[in-house]
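Right, one structure below, let's go through it.
Indexing begins at 1, ligand by ligand and atom by atom, following the structure's order.
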Amino acid sequence: MKRRLVSVLIGMTMAAALLGGCGGSSNTATDEAADDTAAEAEAEGEEAASGDLITVGYAQVGHESDWRTANTENYQNTFTAENGYELSFVDADNDNAAQIEAVRSFIQQELDYIVIAPIETAGWDTVLQEAEDAGIPVIIADREIDATNFDAFVGTNTVDEGVTAGNWLGEYLDGAEANILVIEGSVGASATLGRTEGFNSVVAEHSEWNIIDSQSGDFTQSGGQEVMESFIKSYEGQFNVVVCQNDNEAYGAMDAMDAAGITYGVDGDVIIISFDATHDGLQYTLDGKINCDVECNPIQAEVVAGVIQAMEAGEDYPESTIVEDSAFVAPGIESAYAITMTQEILDGRAY
Ligand code: AHR
């Protein structure tokens with residue numbers, strides 16, 4: 001298997017154009033490689049349990065957010081029998097131990113490839129070593145990990161997402177004071193750690209900004225609402241910015257502020273920054289309720305399939321592919337860091 005030690009930055013439109021034909025049935029080099037593999041197996045008298053299909057295990061984080069649902073659907077629509085794959089999908093329900101066990105079961109089943117969207121950054125060395133010992137290539141997707149014994153990474157740059165949020169806030173406030181509450185994502189997740197690191201690096205440049213408090217909302221709507229309710233109890237009247245590390249948390253935070261009679265968005269007292277830019281998040285942005293929504297693109301399965309196809313063909317493949325993100329702001333806001341929302345953008349947002 002060949003490896004190219006470079007990072008590739010890819011926009012999803014470009015990814016679709018480049019990799020849309022990467023399914024087993026539409027790539028000549030891949031078809032030839034798959035045929036060779038099947039012929040060898042036959043010659044050795046081995047039983048090809050799933051015919052010519054490439055078996056892929058996907059250990060998914062869970063179903064905590066709209067982003068996650070879109071990401072799951074993207075995998076299920078990409079790794080199909082029609083495209084030459086048999087997908088084993090496990091929803092780990094945000095349970096780190098269950099996710100590691102899912103990977104172990106993929107190893108026991110001797111699947112051809114393992115894809116992991118890791119819940120937490122820590123704790124992966126041992127099971128990844130087991131996969132390596134079994135000769136099964138592993139692709140880490142969506143979130144990063146501390147371990148380095150895997151074959152390829154496909155995901156977004158969450159530190160950059162946090163920096164974009166901070167830069168946009170600096171531009172919007174133009175020197176005005178910020179008293180900030182942060183609803184973080186799940187503890188130990190790279191999406192949480194990266195966005196926090198990126199945003200805080202911009203906060204450090206602004207002596208007129210103060211982070212009042214920061215608590216985990218676990219990337220869920222109920223978590224966002226619960227944290228915001230407790231923030232309101234402790235800090236009502238003291239904050240003018242709420243940063244929610246995903247859209248679902250923002251929906252919960254807005255519900256809590258509605259119940260408390262606190263106004264937010266472009267015409268309100270509190271600026272809301274969110275992450276993900278899923279369809280409903282962008283609807284709120286278009287409506288002026290969310291001021292700025294920084295994208296985290298969940299459509300990554302085609303890129304992962306492209307890496308697998310390159311591995312199958314014994315070709316060079318990117319060790320790290322960073323899926324590019326944009327950011328979106330409410331109508332009436334002009335920004336050097338974000339695109340002003342329109343109905344047309346919303347209509348084109350499928351997830
Ligand atoms: O890892 C990506 C993050 O996980 C998304 O921001 C969030 O919505 C999801 O649950």
What orientation do Tyr284 and Tyr251 show, parallel under 30°, tilted 30 to 60°, or perpendicular over 60°?
-> tilted
Rounded to the nearest 0.5 Å, how far does OG1 of Thr192 lie from CD of Glu197?
-> 12.5 Å
Is there a donor-acceptor contact under 3.5 Å linking the side chains of Glu171 and Asn167?
-> no
Looking only at non-hydrogen atoms, the one of Asn297, Thr278, Asp142 nearest atom 2 (C) of ligand 1 is Asp142
When only distance counts, is Glu64 in polar contact with ligand 1, meaning an N/O pair under 3.5 Å?
-> yes
At the 4.0 Å heavy-atom cut-off, does Arg195 count as touching ligand 1?
-> yes
Could you check Thr156 against Thr158 for side chain to side chain contact (heavy atoms under 4.5 Å, CB included), going step by step and ending with a plain yes or no?
-> CA-CA 6 Å; Thr156 63; Thr158 54; 3.9 Å; yes
Could you list the atoms of ligand 1 found under 4.0 angstrom from a heavy atom of Ser65?
-> 7 (C), 8 (O), 9 (C), 10 (O)
Give the residue, atom name and distance (to 0.1 Å) of the protein heavy atom nearest atom 5 (C) of ligand 1.
-> Asp276 OD1, 3.3 Å
Derivation of the side chain to side chain contact (heavy atoms under 4.5 Å, CB included) call for Gln76 and Tyr58 = CA-CA 10 Å; Gln76 288 172 338; Tyr58 186 35; over 6 Å; no
Pull out every atom of ligand 1 sitting under 4.0 Å from any heavy atom of Ala191, numbered as shown with elements.
-> 1 (O)
